[in-house]
Amino acid sequence: MINLSQVEVKKDESFEAALRRFKKKIEQEGILRELRDRKHYEKPSERKRKKARRTR
């Protein structure tokens with residue numbers, strides 16, 4: 001089952017304020033980070049090489 005994030009617009013709340021709350025919620029749940037990580041598949045050997053470069 002897919003758990004989608006959602007924010008209900010409160011009475012007398014502007015769309016921009018609701019959008020800000022939604023973006024903050026998405027960021028806290030780590031959805032954007034996961035999306036960026038999944039956007040491009042990286043082979044395990046490439047990950048190891050990158051990690052070795054970062055540690056140097």
Side-chain angles (χ1 to χ4, degrees):
M1 183 174 172
I2 298 175
N3 187 13
L4 299 176
S5 295
Q6 53 184 318
V7 173
E8 291 188 23
V9 180
K10 298 176 184 176
K11 186 178 179 182
D12 296 330
E13 181 182 29
S14 69
F15 174 76
E16 289 79 18
L19 185 61
R20 274 195 304 273
R21 284 194 304 124
F22 179 72
K23 286 181 179 181
K24 188 174 183 177
K25 186 175 183 180
I26 295 286
E27 186 67 37
Q28 288 174 346
E29 292 177 0
I31 294 173
L32 288 177
R33 189 178 314 110
E34 186 176 338
L35 178 68
R36 283 187 219 112
D37 291 343
R38 289 182 181 212
K39 196 171 187 178
H40 174 72
Y41 178 74
E42 192 173 38
K43 292 195 289 187
S45 60
E46 291 175 355
R47 271 191 241 136
K48 288 178 187 175
R49 268 190 243 131
K50 280 186 178 181
K51 186 177 179 182
R53 283 187 209 140
R54 276 189 253 134
T55 57
R56 287 185 195 164

* **Beyond-backbone contact of Lys24 with Gln28, side-chain heavy atoms, under 4.5 angstrom** => yes
* Asked: Which residues pass the side-chain contact (heavy atoms from CB on, under 4.5 Å) test with Lys10, sequence neighbours left out?
  -> Glu13, Arg21
* Structure fact -> Grouping ILVMFWY residues whenever side-chain heavy atoms fall under 4.5 Å, the cluster of Tyr41 otherwise contains none
* Structure fact -> Contacts of Glu29 meeting side-chain contact (heavy atoms from CB on, under 4.5 Å) (sequence neighbours excluded), chain-then-number -> Ser5, Lys25, Ile31
* Structure fact -> Across all chains, not counting sequence neighbours, the side-chain contact (heavy atoms from CB on, under 4.5 Å) partners of Glu46 are Glu42, Lys43, Arg49
* Is there a side-chain contact (heavy atoms from CB on, under 4.5 Å) between Arg54 and Lys50 once you walk through the steps? -> CA-CA 6 Å; Arg54 276 189 253 134; Lys50 280 186 178 181; 4.0 Å; yes
* Joint hydrophobic cluster, Val7 plus Leu32, side-chain heavy atoms closer than 4.5 Å -> yes
* With sequence neighbours left out, write down each residue that passes side-chain contact (heavy atoms from CB on, under 4.5 Å) with Gln6, or none if nothing qualifies. => none
* Structure fact -> Sorted by chain and number, sequence neighbours left out, side chain to side chain donor-acceptor pair (under 3.5 Å) with Arg38 holds for Glu34
